Amino acid sequence: MAGTQEAHETHETHDAVVEAALGKLDLDAKARLLAGQDMWSLPALPEIGLTSLVMSDGPIGVRGVRWTADDPSVALPSPTALAAAWDPELARRAGVLLAQEARRKGVHVLLAPTVNLHRSPLGGRHFEAYSEDPYLTGRIGTGYVTGVQEGGVGTTVKHFVANDAETDRFTVDNLISQRALRELYLAPFEHIVENAHPWGIMTAYNTVNGTTMTEHRYLVNEILRGEWGFDGFNVSDWTAARSTTGAIEGGLDVAMPGPQTVHGPALAQAVRDGEVEETTVDTAVRNVLRLAARVGILEGAEPVVAEAQLPAPVDGEALAREIARRSFVLVRNENTALPLKPNTTVALLGAAARDARVLGGGSATVFPARTVSPLDGLTAALPEGALTYAVGADPNTELAAADKGFALRAICRDTEGVVIGTASAPNGQIQWMGSDLPEGVTHDTLHTVELTGTFTPRDTGQHTFGIKGVGAFTLSVDGTTYYDDVQRPLKGDPFISFFGAPEPRARVELTAGTPVEVSLTYVVARPKDLPLKAIGFTLVHQEPQRDPDELIAEAVAAARAADTAVVVVATTERVESEGYDRKDLRLPGRQDDLVHAVAAANPNTVVIVNSGSPVELPWRDEVAAILLGWFPGQEGGAALADVLTGTHEPGGRLPTTWGSLTDAPVTQVVPENGELPYTEGVFIGYRAWERAGRTPSYAFGHGLGYTDWTYDAIEAESTTDSATDSTSVTVRVTNSGARHGREVVQVYLAPADADPERPARWLAGFAGVEAGPGDSVDVIVELPRRAFEIWDETANAWAVVKGSYEIQAGRSITDRRVATTINV
Ligand code: BGC
């Protein structure tokens, strides 16, 4: 990264270039720059040598401006997985790869990372955030932002602030005490601003304490910019900005997407009408120009990272595989069930073992060039004949994008039926936004889009087809037209029609291996007043549904015949995604029945949990081993094979408590009368479990790996009189197992005198360490001053709480091994 001195100099020259550019712009151009010109970009302003700034999601890959499998991206493990590695350096390396992907796709700003907290386990988008702990979230987010920006690409830390659940996300008013805001929800943002200096922030859809976040002057202008010194740009979440004056006065720079937004011409008009000062507009324009200078798209400004200083190229597949195995959390391993013994025969069971869920849904979606399922990974890793496979239970009770067995392309026609363009459509999905249309096609000439091609079933039986999207469609399979009608929009979240559940429209008996013709035609609608011209629909499909009891019986028979049964259980798109929360924490379908039955048939049953956030594991005491595999990214199956066969240990530790919904202390995510009071104050996650005196299934920080560790000693030393500013803790650990391994040494701070206003203990530091068998290592963990502070609401300031603290080090919040005391 550019050194401090260098960064400072760049900053100064940028200021001059930015001022000069600003001086050349008239009001209309300035207002235009503060609004998207389309879904993902800002307008170019040739008069100042500014090219168009392009943004893209985020966070596990860089989708680019096209929403299509045609334009693939490396898909890393999801954020809960990245956090489970407890390794900011690994997050930094992920960031470097993502910057490389961004540059490849012409993207200047990555819409990531998501640093909202796991307040309640029901949050639908938890897979996309890191942790229930603000400190861990801040450290991982800092690594990530640092890495992306080292590659010369900007980030937007999101969603500022308190977008911790999805229900009514556009309107919910989260009522949060100042203390909880500061100590929990703002804390990761503050940490990242201080340590990684992000070039952008994204303001959330929701309201906090009565003011919507795109207009929250106090949180944005006073705290983020004023107190913390943030000097990046502030972009609205997509369609979040609602008021021209409210947004610009509230510190919002850019309203996305465009072309119709509250900024742009409406903003210029507001200045002319005397409602907004032009200097307020100038401030926002400066922020955008500064970003443009940093990423190198403003003439005359040296980018922060020159081409010659770019990091060495990263192998995306190798990194995705490394992060995945470093993220897997082994929460149970009775009688050393894992790693598998050599020459073991394995019955691999579960629909997700064959069709892995490698990433979470919604805006975090990217399209990897390949995905390695557990079946692929284990087939490659085990000797021939060692592996059998059975579905066992299929949680996919819904239609999903037409993928396996489909060979489709899109044909565009005009009103005369003349072909004006074609495009490939690898998984039946069309998302053409703004000017992103096949060559030769314009929104004015396009009349119909036909998805056409063949489908070769892998199973015989009744196949179901449907359509995701709104408008007039005709669906034919094997020469018969099954649907010729109009699908109408659903009410509520505008993204629901996009992400929501489609209806079955055709049920057709088909034979495995025999291809049939498939055609889906959409007649382009031309609604007026749409903020953006877009064509979006998907052909969806579901395999024949077999009798669930029969499937389980088949899996049990396979499990009996093998030395080890490996069951992969998973959540589905309908359970965990953007736009809605979960109603319960159960695994969908008959998966729990499957595990109970397999565990009864084979004592060596290993369960792999393929979910982005906690699920209940009602059979957890019946099975030999449980490995939490998250949404593991495109190389997940290869990483799983590495870990099961023992070439690598699973390196993860829980970034969030796993327990049942009945025991979970914070479960309210549904607002009443538009309001969601965070009545639990600072008690979320492990802070709340401990206060409630409840024992979760698996505690925060827990994770076994393949070796064992003893904690031998702890010492705390303060180098100055102020213990809060200079305490470093040295923990001596020994690898007492038989193989090389990595341990995450976790340090918790516990006030000696119980204080009902404060948690019993909290994470104050951590460090990863590697050692060979029998080796001892001293691990040094510096305690940040903030660990000793609370937010004093009366003084409106941070305050050290004096007294005696126990510094506890261990393997999880409940498995504390050594302690020492400190007085501050
Ligand atoms: C999400 C953001 C995302 C944006 C653009 C929104 O719905 O909340 O996280 O960056 O869409 O896709």
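Only a predicted model underlies this, so the values are computations on that prediction, with no experimental measurement involved.
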Taking all non-hydrogen atoms of both residues into account, name the closest pair between Leu349 and Ala565 and its distance. CD1-CB, 4.4 Å

Return yes if some donor-acceptor pair links the side-chain N/O of Ser660 with the main-chain N/O of Asp663 below 3.5 Å, else return no. yes

Output all residues satisfying side-chain hydrogen bond (donor to acceptor under 3.5 Å, both in side chains) with Tyr706, sequence neighbours left out; order by chain, then residue number. none

Do Asn195 and Thr146 touch side chain to side chain, with heavy atoms closer than 4.5 Å? no

Side chain to side chain donor-acceptor pair (under 3.5 Å) pairs touching residues 628-640, sequence neighbours excluded, are Arg370-Glu635

Checking side-chain contact (heavy atoms from CB on, under 4.5 Å) for the pair Asn604/Val606: CA distance, chi angles, key distance, verdict? CA-CA 6 Å; Asn604 293 320; Val606 174; 5.9 Å; no

For Arg586, is the CZ atom crowded, meaning more than 12 foreign heavy atoms sit under 6.0 Å from it? no

Counting N and O atoms only, with roles assigned by atom type, does the side chain of Thr80 sit under 3.5 Å from a partner on the main chain of Gly612, one being a donor and the other an acceptor? yes

Non-hydrogen atoms of Gln746 and Trp86 that approach each other most closely: CG-CZ3, 3.8 Å

Run the side-chain hydrogen bond (donor to acceptor under 3.5 Å, both in side chains) test against Thr114 and tell me which residues pass, sequence neighbours left out. Glu128

Whether the side chain of Glu576 engages the backbone of Ser613 through a donor-acceptor N/O pair (distance < 3.5 Å, no angle test) should be reported. yes

What distance do Leu585 atom CG and Leu661 atom CG have between them, rounded to the nearest 0.5 Å? 4.5 Å

Can you tell me if Asn735 uses its side chain to pair, donor with acceptor, with the backbone of Asp775 under 3.5 Å? no

Please check if the side chain of Thr345 supplies one atom and the backbone of Asp563 the other of a donor-acceptor pair under 3.5 Å. yes

Does the ring centre of Trp658 sit less than 6.0 Å away from the ring centre of Tyr686? no

So, for Val366 and Gly61, which heavy atoms are closest and what is the spacing to 0.1 Å? CG1-C, 3.9 Å

Taking the side chain as every heavy atom from C-beta outward, state whether Val96 and Tyr144 have any pair of such atoms under 4.5 Å apart. no

So does Asp584 pair up with Arg582, basic N to acidic O under 4.0 Å? no

Separation between CZ of Arg63 and CD1 of Ile60, rounded to the nearest 0.5 Å: 10.0 Å

Any side-chain heavy-atom pair of Val747 and Ile807 under 4.5 Å: yes

What pair of heavy atoms forms the shortest contact from Ile323 to Ala94, and how long is it? CD1-CB, 3.9 Å

Looking only at non-hydrogen atoms, find the nearest pair between Glu690 and Ile813 and report the distance. OE1-CD1, 4.2 Å

Applying side-chain contact (heavy atoms from CB on, under 4.5 Å) to Ile192 and Val115, what does each step give before you reach the verdict? CA-CA 10 Å; Ile192 296 167; Val115 301; 3.7 Å; yes

Which pair of heavy atoms, one from Gly147 and one from Ala99, lies closest together, and at what distance? O-CB, 4.5 Å

Just by distance, no angles: are the side chains of Thr571 and Ser611 close enough, under 3.5 Å, to form a donor-acceptor pair? no

Set out, in order, the CA-CA distance, both residues' side-chain angles and the distance that settles side-chain contact (heavy atoms from CB on, under 4.5 Å) for Leu97 and Asp315, then state yes or no. CA-CA 8 Å; Leu97 179 266; Asp315 176 343; over 6 Å; no

Judged by atom type as modelled, is there a donor-acceptor pair below 3.5 Å linking the side chain of His126 to the main-chain atoms of Ser120? yes

Is a donor on one side and an acceptor on the other found under 3.5 Å between the side chain of Ser577 and the backbone of Arg574? no

Any side-chain donor-acceptor pair under 3.5 Å between Thr730 and Asp778? no

Will you find, in the side chains of Thr710 and Asp712, an N or O donor that is under 3.5 Å from an N or O acceptor? yes

Is there side-chain contact between Arg326 and Leu82, with heavy atoms separated by less than 4.5 Å? no

Any ion pair linking Asp57 and Lys158 (charged N to carboxylate O, less than 4.0 Å)? yes

Please answer whether the main-chain N or O of Ser363 pairs with a side-chain N or O of Glu578 as donor and acceptor at a distance below 3.5 Å. yes

Is it true that atom NZ of Lys583 has more than 12 heavy atoms of other residues, nucleotides or ligands lying nearer than 6.0 Å? no

Is there a side-chain contact between Thr142 and His191 in this structure, where contact means two heavy atoms from C-beta onward sitting under 4.5 Å apart? yes

N/O donor-acceptor pair under 3.5 Å between Glu622 side chain and Ala599 backbone: no

Atom CD of residue position Glu194 - does it have more than 12 heavy atoms of other residues, nucleotides or ligands inside 6.0 Å? no

Set out, in order, the CA-CA distance, both residues' side-chain angles and the distance that settles salt bridge (charged side-chain N to carboxylate O under 4.0 Å, His left out) for Glu649 and Arg325, then state yes or no. CA-CA 7 Å; Glu649 71 169 348; Arg325 56 186 184 234; over 6 Å; no

In Å and rounded to the nearest 0.5 Å, what is the CZ to CZ distance from Phe631 to Arg357? 4.0 Å

Take Arg811 and Asp708 through the salt bridge (charged side-chain N to carboxylate O under 4.0 Å, His left out) test and state the conclusion after the steps. CA-CA 11 Å; Arg811 311 205 63 196; Asp708 226 328; 3.8 Å; yes

Could you state the interatomic distance from CG (Leu330) to CG (Leu627), rounded to the nearest 0.5 Å? 6.0 Å

Salt bridge or not for Arg354 and Asp394, using N-O below 4.0 Å? no

Under a 4.0 Å N-O cut-off, is there an ion pair linking Asp581 with Arg125? no

Taking the six-membered ring of Tyr698, is the NZ or CZ of Arg620 close enough (under 6.0 Å from the centre) and on axis enough (within 45°)? yes

Using a strict threshold of under 4.0 Å (side-chain N to carboxylate O), is an ion pair present between Arg687 and Glu680? no

With a 4.5 Å cut-off on side-chain heavy atoms, are Arg742 and Val769 touching? no

Crowding at CG, Asn343 (>12 non-hydrogen neighbours, <6.0 Å): no

Under 6.0 Å from the six-membered ring centre of Tyr748 and within 45° of its axis: does the NZ or CZ of Arg761 meet both? no

Does a side-chain heavy-atom distance below 4.5 Å link Asp642 with Phe328? no

Any chance you could measure Glu573, atom CD, to Thr365, atom OG1, to the nearest 0.5 Å? 6.5 Å

Ser373 side chain to Gly637 main-chain N or O, any donor-acceptor pair under 3.5 Å? no

Hey, does Leu136 have a side-chain heavy atom less than 4.5 Å from the side chain of Leu763? yes

Could you walk me through whether Phe766 and Asp87 pass the side-chain contact (heavy atoms from CB on, under 4.5 Å) test, one step at a time? CA-CA 9 Å; Phe766 64 91; Asp87 187 352; over 6 Å; no

If we count only N and O atoms by modelled type, under 3.5 Å, do the side chains of Tyr711 and Glu743 hold a donor and an acceptor together? yes

Using 0.5 Å steps for rounding, measure from the OG1 atom of Thr656 to the CD atom of Glu132. 4.5 Å

